[in-house]
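First up is the structure itself, then whatever we jot down about it.
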Amino acid sequence: MKVACLGGGPAGLYFAISMKLRDAAHDIAVYERNRPDDTFGWGVVLSDETLANLSANDPVSGEAIRKHFAYWDDIAVHYRGQRTVSTGHGFCGIGRKRLLILLQQRARELGVKLHFETEIEGAAEFAKTHDLVIASDGLNSKIRNEFAPCFRPETDVRKCRFVWLGTHQKFDDAFTFIFEETEHGWVWAHAYQFDQDTATFIIECSEATWDKFGFTAMTKDESIATCERIFANYLGGHGLMSNARHLRGLGWLNFPRVLCERWSHENIVLMGDAAATAHFSIGSGTKLAMESAIALADYLQSEPTMQAAFRKYEDARRSEVLRLQSAARNSLEWFENVERYLHLDPVQFNYSLLTRSQRISHENLRLRDKAWLEGAEAWFQRRAASNSPTVRRPMFAPFRLREMTLKNRIVVSPMAQYKAVDGCPTDWHLVHYGERAKGGAGLVCIEMTCVSPEGRITPGCTGMYAPEHEAAWKRIVDFVHTETDAKICCQLGHSGAKGSTQLGWEEMDAPLRQGNWPVLSASEVRWSPRNQRPKAMDRADMDRMRDQFVAAARMAARAGFDMLELHCAHGYLLSSFITPLTNKRTDDYGGSLANRMRYPLEVFHAVRLAWPTGKPISVRISANDWVSEDGIEPEDAVAIARMLQDADVDICNVSAGQTSIHARPVYGRMFQTPFSDRIRNEAGIATMAVGNIYEPDHVNSILMAGRADLVCLARPHLADPYWTLHAAARLGDRGEIWPAPYYQGRDQLYRLAESTGTMAASV
Ligand SMILES: Cc1cc2nc3c(=O)[nH]c(=O)nc-3n(C[C@H](O)[C@H](O)[C@H](O)COP(=O)(O)OP(=O)(O)OC[C@H]3O[C@@H](n4cnc5c(N)ncnc54)[C@H](O)[C@@H]3O)c2cc1C
Ligand SMILES: Cc1cc2nc3c(=O)[nH]c(=O)nc-3n(C[C@H](O)[C@H](O)[C@H](O)COP(=O)(O)O)c2cc1C
């Protein structure tokens, strides 16, 4: 096969090597614009796992690379005058130049023809004279652009500015992150040693900071001098060096995240950065490029046709790319928003940094550096004013709101049961909530309990508008208080335009088949074309409903609830005022966000006055309508949370969506937690996170990183009322209190957990 690799970076060279190894008869040439020892960039990081893959493919180059590796185990973080070090991270680094020279030598040895200082203008001519053309011309691939309608690239240019520099200052004991506050904002560096006397020094900052420094107008030398001044305390008198000769100025860039929809066109195939990029902060671009080279060489050998090989290559590599791009996105967004975290204590800041890509979990950190993690856990417990004699995981730290202290951070999220009769909770509710309170969660939140019969979502929804409701709830609350040490929260709400609909397990949100009642909302906007057109509330409706909320709050207080939550999420009545999708009013309650918040806040203030001062109130919001800028977006949610904080709301329960049938949520593990993180760290109000959080590890990492104060689990508590006690048993935590009649079950579970080592296996 006659092959041309256009671009002699890791992708092009390693593909040439891999093909020759599979069949020495292939006629392969690599074309590269630079000289052999002339490269942009300094060191690159590879993992042990990648190196094992390279060695399995080609032991000769694998061994040569291994010999030149610099290894380090520690990550050091300089932040607010402190250097914090954690260990067990296991990285290796190699100079990019060294790597390319080793690959060039190996390629030459195997008979690959290398053409340097050859600028490629396009692939079309090569495609006519070669069987196969590899488009390995990197990030700004000309070939990708030449065939853009076929490859359909999507490029997302990210917000921060960065520059890839080198230094002779030693960073040989740890991969080092340095965060420096300057007169123009924060600037940070990622530094690591890659050979005896050189380290990579990547500098990054926000576009705003970069502008304020005036880097754009500076010469290369001025830019370098400015960077050296910023990091003088860490450079030990050494300078910074640039080798970006082909770039103007110092080579400050915005990272472009690239993904092509198709990776091949006729006999041309994309590889490495030309096909997809992964942000440098997770150090995986070279790995992706070289592992893709192996994969394509394999498929060209195993598949009957070249097109079949391309299909397999694209399928296999795309999923790997998407996995790494997702981690890279988390990581780069963390850096883009780093100023949000710069108020955190160094311990929490470090934890947040280490877990930013969500690839390293809480228990994984324990495996890496037990002592460091235990120190962080001890810090968390101290902050939570825990009096536990032993260090416990963050989920088992107490939490105080006004005069209510929760024994731990787990919340049974509100979940409608649709088992009420005329709004009255039944024995179902006693058993259901009683079991969840016995199951170990610190706080049990009851389902949306409606302030009037018309305020119910379905005929099966619970209410708080009749004396018998108060009595029935009191029986449940009394049980929880007498038999458990959980606290219980009453969620009050009104269904608005989503009311008069069927039970959850029938046709959700669809109108009743018969017996519909009229519905109210902020404006005359139906939930869906099938639902009733609601009446837009007038002032009399607003006064009446506010008074209903107040009456319900008084009943909840008499029933003995420890906490109240106002349901302002999910498209129900109070939420219909907040989101512009359903609030089309032209009076003081519509238009600006301040106007749209006016009625929910009026209700809150009235309820607050009726609710005991020692007891907290939370407000649940939808932090994202998931319908683009027409609806609420996370940025608006921060503004909403600020208004809640000003109103003296104790904690914001950060949910999302369910406000429009046109919503397009992006689901995934902990998918709503970023909204809680943003609200907590930008607005400074306490938050609860919720949404597809189901492992103790998720909970611990959310809490430890400061992404929320409490964590709500809904569906996991339907499957397992004892989720918290079971999690504690598996984690080896013996501090949670079980109901006395269950001691023998507890002890058996503990023994089983210890003897099977479940603790390690299950986290
Ligand atoms: C700041 C920074 C730090 C990084 N750190 C790491 C890290 O630690 N670990 C890691 O794995 N990855 C890292 N990367 C990513 C890594 O450098 C790339 O993902 C990797 O080099 C991709 O290999 P490639 O062969 O596809 O592209 P490249 O390495 O970019 O190679 C493409 C080659 O094509 C040549 N070329 C381009 N156009 C033409 C043309 N028209 N004619 C002739 N030749 C041409 C270029 O000169 C270049 O040599 C980092 C990237 C950056 C920006
Ligand atoms: C059956 C069911 C009923 C729900 N009812 C309510 C409710 O009454 N009030 C509310 O705010 N959220 C309600 N939710 C949403 C949950 O509280 C939670 O936000 C959502 O299920 C995401 O959490 P999870 O991934 O842990 O299930 C309900 C969820 C389920 C599964």
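Throughout, numbering of the chain's residues begins at 1 and tracks the sequence. Ligands are counted one by one from 1 in listed order, and the atoms in each one are counted from 1 as well.
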What protein heavy atom is closest to atom 28 (P) of ligand 1, reported as residue, atom name and distance in Å? R96 NH2, 3.7 Å

Checking the side chain of D137 only, and the main-chain atoms of K142 only, is there a donor and an acceptor separated by less than 3.5 Å? yes

Can you pull out the closest protein heavy atom to atom 48 (C) of ligand 1? Residue, atom name and distance to 0.1 Å, please. E32 OE1, 3.5 Å

Heavy atom of the protein closest to atom 31 (O) of ligand 1 (residue, atom name, distance): G9 CA, 3.3 Å

Taking the six-membered ring for Trp, are F177 and H190 closer than 6.0 Å centroid to centroid? yes

Do other residues, nucleotides or ligands put more than 12 heavy atoms under 6.0 Å from R356 CZ? yes

Take every heavy atom of Y192, measure it against each atom of ligand 1, and state whether any distance is under 4.0 Å. yes

Does one side chain, of Y722 or E435, offer a donor that lies under 3.5 Å from an acceptor on the other? yes

Ring centre gap for Y192 and F171 strictly below 6.0 Å: no

As an exercise, identify every atom of ligand 1 less than 4.0 angstrom from a heavy atom of T118. 42 (N), 43 (C)

Using a distance-only test with no angle check, is there a side-chain donor-acceptor pair under 3.5 angstrom linking D625 and T579? yes

Any N or O on I120 sitting closer than 3.5 Å to an N or O of ligand 1? yes

Kindly confirm or rule out a cation-pi arrangement of R161 over W210, judged by NZ or CZ under 6.0 Å from the six-membered ring centre and within 45° of its axis? yes

In this structure, does ligand 2 have an atom that sits under 4.0 Å from one of the heavy atoms of A569? no

Atom of I476, atom of P425 and distance for their closest heavy-atom approach: CD1-CB, 4.0 Å

Which of the listed options, P10, G272, G8, holds the heavy atom that is closest to atom 23 (O) of ligand 1? P10

Enumerate the atoms of ligand 1 whose separation from the nearest heavy atom of G283 is less than 4.0 angstrom. 7 (C), 8 (O), 9 (N), 10 (C), 11 (O)

Need the ligand 1 atom indices (1-based, order shown) with element for anything under 4.0 Å from a heavy-atom of D137. 32 (C), 34 (O), 37 (C), 38 (N)

Considering only heavy atoms of S136, which atoms of ligand 1 have at least one such atom less than 4.0 Å away? 32 (C), 33 (C), 34 (O)

min-distance protein heavy atom vs atom 11 (O) of ligand 1 -> T286 N, 2.7 Å

A student checking ligand 1 against I202 at a 4.0 Å heavy-atom cut-off should list atoms 1 (C), 3 (C)

Could you report the tightest heavy-atom contact between P36 and Q104, atom names first, then the distance? O-NE2, 3.0 Å

Contact atoms of ligand 1, heavy-atom distance to A289 under 4.0 Å: 23 (O)

Is there a heavy atom in W42 that sits closer than 4.0 Å to ligand 1? no

Nearest to atom 30 (O) of ligand 1, what protein heavy atom do you find, and at what distance? G138 CA, 3.8 Å

Does ligand 1 have any atom sitting under 4.0 Å from a heavy atom of T200? no

Any nitrogen or oxygen of L718 lying under 3.5 Å from a nitrogen or oxygen in ligand 2? Just yes or no. no

I need the nearest protein heavy-atom contact for atom 19 (O) of ligand 1: residue, atom name and distance, please. D273 OD1, 2.8 Å

Between A11 and ligand 1, is there a nitrogen or oxygen pair with a distance under 3.5 Å? yes

Taking distance alone, with N or O pairs closer than 3.5 Å, would you say R620 contacts ligand 2? yes

The protein heavy atom nearest to atom 1 (C) of ligand 1 is W164 CD2, 3.2 Å

Short list, please: which atoms of ligand 1 are under 4.0 Å from a heavy atom of K287? 11 (O)

Quick look: S284 vs ligand 1, heavy-atom contacts under 4.0 Å, and the answer is backbone

For the rings on F201 and F231, is their centre-to-centre separation under 6.0 Å? yes

Is it true that W263 and E314 share a donor-acceptor pair across their side chains at a distance under 3.5 Å? no

Is any N or O atom of A416, backbone or side chain, closer than 3.5 Å to an N or O atom of ligand 2? yes

Tell me: protein heavy atom nearest atom 7 (C) of ligand 1, and distance? V45 N, 3.3 Å

How close do M415 and A714 get, heavy atom to heavy atom, and via which atoms? CE-O, 3.2 Å

